[in-house]
Number of protein chains: 2
Amino acid sequence: MLDGPIRDRVAERRELTRREIIDAAWEVAGEVGLASLTLRQIAAKVGMQAPSLYSHFESKNAIYDEMFARAWGDFEESALARWANLSGQPRLAVKQMVRHFFDFAVADLARYQLMNQRILVGFEPTARSFAPSLRVVERSAEIHQAAGVSSEDHLILLALVSGVVNQHFANDPGGTTYSDLLDRSVDMWADAVGLR
Amino acid sequence: MLDGPIRDRVAERRELTRREIIDAAWEVAGEVGLASLTLRQIAAKVGMQAPSLYSHFESKNAIYDEMFARAWGDFEESALARWANLSGQPRLAVKQMVRHFFDFAVADLARYQLMNQRILVGFEPTARSFAPSLRVVERSAEIHQAAGVSSEDHLILLALVSGVVNQHFANDPGGTTYSDLLDRSVDMWADAVGLR
DNA sequence: GTCTATACTGTGATAGAC
DNA sequence: GTCTATCACAGTATAGAC
């Protein structure tokens, strides 16, 4: 006999379908915008009728919630992996963290809006979906505190980076203007807070 | 006989009604969010039936466009008035400009979203409505150039300020966390660019 | 210029057959 | 679990009486 827990093929299949739906939702969001995405569009993309989605998600907001959780979960995963071996030079380490966030944010407008802006009116992420986001900010705060950065200055760094991302999307999406400005921005901040 | 052009009472009345509608639209936007505002809600607020709005605006986007123009027009008016007598000390002058923008932005989320973020999917401001926005940025660039600030550093300042506003709305709307951080943020930037 | 009436489309969501 | 059929409602927009 085989050891270990018995695989639950039904649950696995269900989870796979949920993932398919979320992937389709991201595709649609990229095409028509996060706010104008409709259940019918998602269903069409995944080869279902719209009502069938309700076998997998109890509402449209539940889909948004899963998208939110997945987006922050993905970022957390990639971030924690990188942050485990940052440069020993604090300034360089910060630049690495910032660059990673910038690249991740800029890669997908809809995802960035869902993760970091309040553009969906009726939607509030559940506590469960919000958890990865909290962990990432917390971990970033710890790293900066260890480097001697005050919590206020940490907030300013986050504001600066989010601002550069915003300006990128607003004024030069697809261009490199703000990507080119990123390192200088961080240097300014690092100089001011006295980071080696 | 009286001199001067004859008043056009009809046109005046029309313009007044348009203004009433835009004011009502801002009220509704503040209540339900910029994107979920409906013509029926605006009409109800102004004491009309929804179709009657089409006597004054040719579409919903035309209403958004007028809101956009009015918002930037208002900011331009108040900004140019202040910028005419800025402090002679460059750093203080920048702080005054930034503080004014921050206060204006933070006073109204819906207005800020319309002015500075792309949250409405089908909407693009017309060239006419976009003009005040361009003039403001242009004037700001001139002032900073006169103070010896490079155009790159000017862009970084704009990013920084927009980032602080964003973090305010995202993390502490109604609070003073980011308002309190604003001066220190600008000082960091001013130190880095060597502003007196 | 404003009204009533209405057209038409699209939305999220539900019921029940299979 | 997916389907068809349908609901109730809101969306923008137009026609025509007054």
Side-chain angles (χ1 to χ4, degrees), chain A residues 8-29 31-68 110 114 119-126, chain B residues 7-25 27-29 31-68 110 114 119-126:
Chain A
D8 184 340
R9 305 188 71 91
V10 176
E12 282 176 18
R13 178 72 207 163
R14 245 189 99 74
E15 182 51 36
L16 214 67
T17 305
R18 276 177 63 95
R19 181 170 291 270
E20 254 185 274
I21 291 169
I22 296 300
D23 289 343
W26 279 121
E27 276 185 60
V28 177
E31 293 164 11
V32 304
L34 187 65
S36 348
L37 139 184
T38 72
L39 296 184
R40 283 170 174 80
Q41 290 171 318
I42 299 174
K45 187 86 70 176
V46 79
M48 281 182 183
Q49 296 300 316
S52 303
L53 296 176
Y54 284 86
S55 302
H56 302 274
F57 294 94
E58 70 173 351
S59 71
K60 189 184 185 182
N61 270 353
I63 294 180
Y64 278 135
D65 195 55
E66 184 62 24
M67 293 168 80
F68 183 93
L114 182 59
I119 98 165
L120 268 22
V121 282
F123 171 68
E124 284 289 327
T126 58
Chain B
R7 283 175 54 197
D8 184 341
R9 306 188 70 92
V10 175
E12 282 177 18
R13 178 74 209 161
R14 245 189 101 73
E15 182 51 34
L16 215 67
T17 305
R18 275 176 65 95
R19 184 170 290 269
E20 254 186 90
I21 291 170
I22 297 299
D23 289 344
E27 277 186 57
V28 176
E31 293 164 11
V32 304
L34 187 66
S36 349
L37 142 182
T38 73
L39 296 184
R40 283 174 172 81
Q41 291 170 316
I42 299 174
K45 186 86 70 177
V46 80
M48 281 181 184
Q49 298 297 317
S52 303
L53 296 176
Y54 284 87
S55 303
H56 302 276
F57 294 94
E58 71 172 350
S59 71
K60 188 184 186 183
N61 271 353
I63 294 181
Y64 279 134
D65 195 53
E66 184 62 26
M67 293 169 79
F68 184 92
L114 181 60
I119 109 165
L120 270 20
V121 282
F123 171 68
E124 284 288 328
T126 59

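Letters A, B, ... are given to chains in the order of the sequence lines, protein chains preceding strands, and every chain is numbered from 1.
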Query raised in the report: When the distance from CD1 of A:I42 to P of C:dG10 is rounded to whole Å, what number comes out?
Result: 17 Å

Query - Heavy atoms of other groups near A:E12 CD, more than 12 under 6.0 Å - result: yes

Query - Contact letters for nucleotides 12-18 of chain C, in which S counts primed atoms plus P, OP1 and OP2 and B counts the base, heavy atoms under 4.0 Å - result: BBB----

Query raised in the report: Between A:Q41 and A:T38, is any side-chain donor less than 3.5 angstrom from a side-chain acceptor?
Result: yes

Requested in this report: Check whether any side-chain N or O of B:S52 sits under 4.0 Å from OP1 or OP2 of C:dC3, and answer yes or no.
Outcome: yes

Report task. Find the distance A:E20:CD to D:dT2:C1' and express it as a whole number of Å. Result -> 14 Å

Requested in this report: Considering only NZ, NE, NH1 and NH2 on the basic side and carboxylate oxygens on the acidic side, decide whether A:R19 and A:E66 come within less than 4.0 Å.
Outcome: no

Query raised in the report: In terms of heavy-atom contacts, does CZ of B:R18 have more than 12 from other residues, nucleotides or ligands at under 6.0 Å?
Result: yes

Query raised in the report: Reckon A:R14 has a side-chain N or O less than 4.0 Å from the OP1 or OP2 of D:dG1?
Result: yes

Report task. Starting at atom CE of A:M48, determine the distance to atom C1' of D:dT4, rounded to an integer number of angstrom. Result -> 16 Å

Report task. Please state whether the phosphate of C:dT4, meaning OP1 or OP2, lies under 4.0 angstrom from any side-chain nitrogen or oxygen of B:Q49. Result -> yes

Report summary line: Which of B:R40, B:M48, B:K60, B:E58 passes side-chain contact (heavy atoms from CB on, under 4.5 Å) with B:L53? It is B:M48

Requested in this report: Pick base, sugar-phosphate or nothing for B:G47, based on heavy-atom distances below 4.0 Å to the nucleic acid.
Outcome: sugar-phosphate

Query raised in the report: Does a sphere of radius 6.0 Å around CZ in B:R13 hold more than 12 heavy atoms from other residues, nucleotides or ligands, not counting ones at 6.0 Å or beyond?
Result: no

